Peer 1: 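Below you will find the structure I want to go over with you.
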Amino acid sequence: MKIAFVGKGGSGKTTLSSLFIRHLTANEATVVAVDADINQHLGAALGLDETEAAALPAMGAHLPLIKDYLRGSNPRIPSAEAMIKTTPPGEGSRLLRVGENNPVYEACARTVRLDDGEIRLMATGPFTESDLGVSCYHSKVGAVELCLNHLVDGPDEYVVVDMTAGSDSFASGMFTRFDMTFLVAEPTRKGVSVYRQYKEYARDFGVSLNVIGNKVQGQDDLDFLREEVGDDLLVTVGHSDWVRAMEKGRPIRFELLEADNRCALQTLQDAAEDSYEHRDWERYTRQMVHFHLRNAESWGNAKTGVDLATQVDPAFVLSEALAVPQPS
């Protein structure tokens with residue numbers, strides 16, 4: 001399943017996404033974690049020190065390699081330069097699988113050892129001073145979107161993406177690339193403002209949205225969230241001594257996480273697994289094409305100098321039936 005964690009800055013989405021990743025690993029799921037936030041903190045939340053986190057390769061820096069690998073022998077895409085972040089796969093394209101080895105993972109992913117197993121961690125790369133006035137952060141997360149467009153995943157396989165804060169993912173179709181979106185909201189007006197934006201934008205695209213109430217301290221906080229988000233409130237999380245110890249650089253075994261917080265994480269996994277039954281690969285592919293054509297018309301054609309609508313393979317539908325190994 002493809003899972004996104006979203007929320008305003010400071011809501012706790014990175015902490016909760018890291019806890020969910022640890023929980024999945026403890027339950028023996030195969031996990032690829034992606035830090036797509038403008039502030040790169042997921043590595044640290046998963047236990048990397050500053051040097052290790054800084055050494056993570058930037059997906060954006062490997063975009064030419066990613067494009068060249070994914071286009072494969074697709075005759076509709078004559079060169080990597082003709083691809084943009086929304087380019088959909090077609091006959092001949094190479095697809096990514098969660099548990100496989102491939103040149104994209106070799107270049108962009110690093111193995112991170114957790115208490116209960118290993119994950120692959122990928123990162124868009126930080127937004128640096130050299131980017132100011134030259135490019136926007138959307139170009140950085142374009143590598144993530146392109147990989148998601150070419151990803152085939154099955155049960156017990158997870159791609160967990162810690163998204164950039166706020167509603168930036170709506171600048172493209174990236175918000176439709178997930179089976180489940182967990183929105184982390186604090187029990188404040190500012191805390192639920194991003195929820196309202198997501199709810200409005202996602203309404204017409206069948207996006208599955210569940211709210212995690214974070215930093216909930218009592219019944220009044222719970223009542224506020226229920227009033228503001230209604231049935232979209234899935235679970236709440238309160239104070240955690242385990243998280244506080246981790247943030248101080250004094251991590252303890254994940255099995256010692258508070259029981260109520262472990263139960264909350266299991267609720268998230270149950271919701272994600274339930275969404276698997278409602279997968280609609282035809283709709284997924286249709287939305288992929290929709291946003292590609294929209295981006296092509298608004299800026300892509302002018303940037304590449306070609307008609308990107310010709311990249312669309314009308315007979316192609318992404319599906320698990322395509323999840324067989326391909327030569328690299």
Side-chain angles (χ1 to χ4, degrees), residues 1-5 12-37 39-62 65-66 96-126 143-144 147-148 151 153-163 180 182 184 237 240-259 261-266 268-269 272-273 325 328:
M1 276 73 74
K2 296 174 286 292
I3 309 297
F5 278 79
K13 67 178 180 59
T14 297
T15 297
L16 283 167
S17 62
S18 71
L19 291 176
F20 186 59
I21 290 164
R22 291 176 184 272
H23 174 80
L24 293 174
T25 306
N27 285 349
E28 301 183 345
T30 304
V31 180
V32 172
V34 182
D35 191 344
D37 196 350
N39 300 304
Q40 304 274 283
H41 295 312
L42 183 58
L46 290 170
L48 300 185
D49 61 31
E50 291 185 5
T51 301
E52 292 169 329
L56 290 171
M59 294 179 69
H62 294 282
L65 178 151
I66 293 171
L96 301 175
R97 284 88 184 169
V98 173
E100 71 176 359
N101 295 315
N102 59 54
V104 174
Y105 291 156
E106 182 178 345
C108 302
R110 293 295 179 264
T111 299
V112 176
R113 176 70 187 176
L114 304 176
D115 289 344
D116 300 295
E118 295 179 343
I119 65 161
R120 281 183 169 126
L121 175 60
M122 306 171 74
T124 60
V144 179
C147 287
L148 290 174
L151 179 74
D153 55 311
D156 298 321
E157 294 180 331
Y158 283 84
V159 177
V160 180
V161 183
D162 180 22
M163 297 284 284
M180 176 68 66
F182 291 127
V184 182
V237 178
S240 171
D241 290 332
W242 191 97
V243 169
R244 182 59 61 87
M246 178 191 69
E247 292 175 340
K248 290 179 178 178
R250 304 169 184 171
I252 56 180
R253 296 280 306 176
F254 183 65
E255 63 189 24
L256 299 178
L257 180 71
E258 299 84 2
N261 289 329
R262 288 297 292 265
C263 288
L265 295 173
Q266 185 60 51
L268 301 187
Q269 185 175 1
E273 291 178 349
S328 60

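We use all heavy atoms of the structure for the numbers below, so side chains are in, but hydrogens, waters and symmetry mates are not. For this chain, numbers begin at 1 and follow the sequence in order. These figures come from a predicted structure and were not determined experimentally.
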Peer 1: Using modelled atom types only, decide if a donor and an acceptor are shared between the side chain of R120 and the backbone of T30 within a distance under 3.5 Å.
Peer 2: no
Peer 1: Can you tell if the side chain of L19 reaches within under 4.5 Å of the side chain of H23, non-hydrogen atoms only?
Peer 2: no
Peer 1: Which value, rounded to the nearest 0.5 Å, describes the distance between Q266 atom CD and L24 atom CG?
Peer 2: 9.0 Å
Peer 1: For a 4.5 angstrom cut-off between non-hydrogen side-chain atoms, does V243 reach N261?
Peer 2: no
Peer 1: Using every non-hydrogen atom in the two residues, find where W242 and F254 come nearest and quote the distance to one decimal.
Peer 2: NE1-CA, 3.7 Å
Peer 1: Say whether, by atom type as modelled, one donor and one acceptor occur between the side chain of D49 and the main chain of T51 under 3.5 angstrom.
Peer 2: yes
Peer 1: Tell me which pairs pass salt bridge (charged side-chain N to carboxylate O under 4.0 Å, His left out) where either residue lies in residues 107-117, with sequence neighbours left out.
Peer 2: D115-R253
Peer 1: For residues E247 and T15, determine if any side-chain heavy atom of one lies less than 4.5 Å from a side-chain heavy atom of the other.
Peer 2: yes
Peer 1: Measure across R22 and G47 and return the closest heavy-atom pair with its distance rounded to 0.1 Å.
Peer 2: NH2-N, 3.7 Å
Peer 1: As an exercise, state the distance from CG of L46 to CD of E52, rounded to the nearest 0.5 Å.
Peer 2: 11.5 Å
Peer 1: In Å, rounded to the nearest 0.5 Å, how long is the span from SG of C147 to CE of M59?
Peer 2: 4.0 Å
Peer 1: Please report the shortest heavy-atom distance between M246 and A45, naming the atom on each side.
Peer 2: SD-O, 3.2 Å
Peer 1: Any side-chain to backbone donor/acceptor pair from D35 onto H41? Under 3.5 Å, distance only.
Peer 2: yes
Peer 1: Could you tell me if the side chain of K13 sits less than 4.5 Å from the side chain of F182, heavy atoms only?
Peer 2: no
Peer 1: Return the minimal non-hydrogen interatomic distance between G60 and A143, and the atom names on each side.
Peer 2: N-CB, 4.3 Å
Peer 1: Determine, step by step, whether E273 and Y158 satisfy the side chain to side chain contact (heavy atoms under 4.5 Å, CB included) criterion, reporting the C-alpha distance in whole Å, the side-chain angles of both residues, the deciding distance to 0.1 Å, and the verdict.
Peer 2: CA-CA 10 Å; E273 291 178 349; Y158 283 84; 3.3 Å; yes
Peer 1: Report the residues that fulfil salt bridge (Lys or Arg N to Asp or Glu O under 4.0 Å) with D241, sequence neighbours left out, ordered by chain and then residue number.
Peer 2: none
Peer 1: Which value, rounded to the nearest 0.5 Å, describes the distance between F20 atom CZ and I3 atom CD1?
Peer 2: 5.5 Å
Peer 1: Classify the side-chain pair E258/S240 by whether it contains a donor and acceptor separated by less than 3.5 Å.
Peer 2: yes
Peer 1: So, taking the atom named CD1 in I21 and the one named CG in L114, what distance separates them when rounded to the nearest 0.5 Å?
Peer 2: 8.0 Å
Peer 1: Take L48 and L56 through the side chain to side chain contact (heavy atoms under 4.5 Å, CB included) test and state the conclusion after the steps.
Peer 2: CA-CA 10 Å; L48 300 185; L56 290 171; 4.2 Å; yes
Peer 1: Let me see the working for V32 and L151 under side chain to side chain contact (heavy atoms under 4.5 Å, CB included), right down to the final yes or no.
Peer 2: CA-CA 11 Å; V32 172; L151 179 74; over 6 Å; no
Peer 1: Any chance you could measure D162, atom CG, to L42, atom CG, to the nearest 0.5 Å?
Peer 2: 5.5 Å
Peer 1: If only atom types and distance count, is the side chain of Q40 paired as donor or acceptor with the main-chain N or O of D37 below 3.5 Å?
Peer 2: yes
Peer 1: Quick check: closest heavy atoms across A264 and V237, and the distance to 0.1 Å?
Peer 2: CB-CG2, 4.2 Å
Peer 1: To check you understand the geometry: which heavy-atom pair defines the closest contact between I119 and A33, and what is its length?
Peer 2: CD1-CB, 3.9 Å
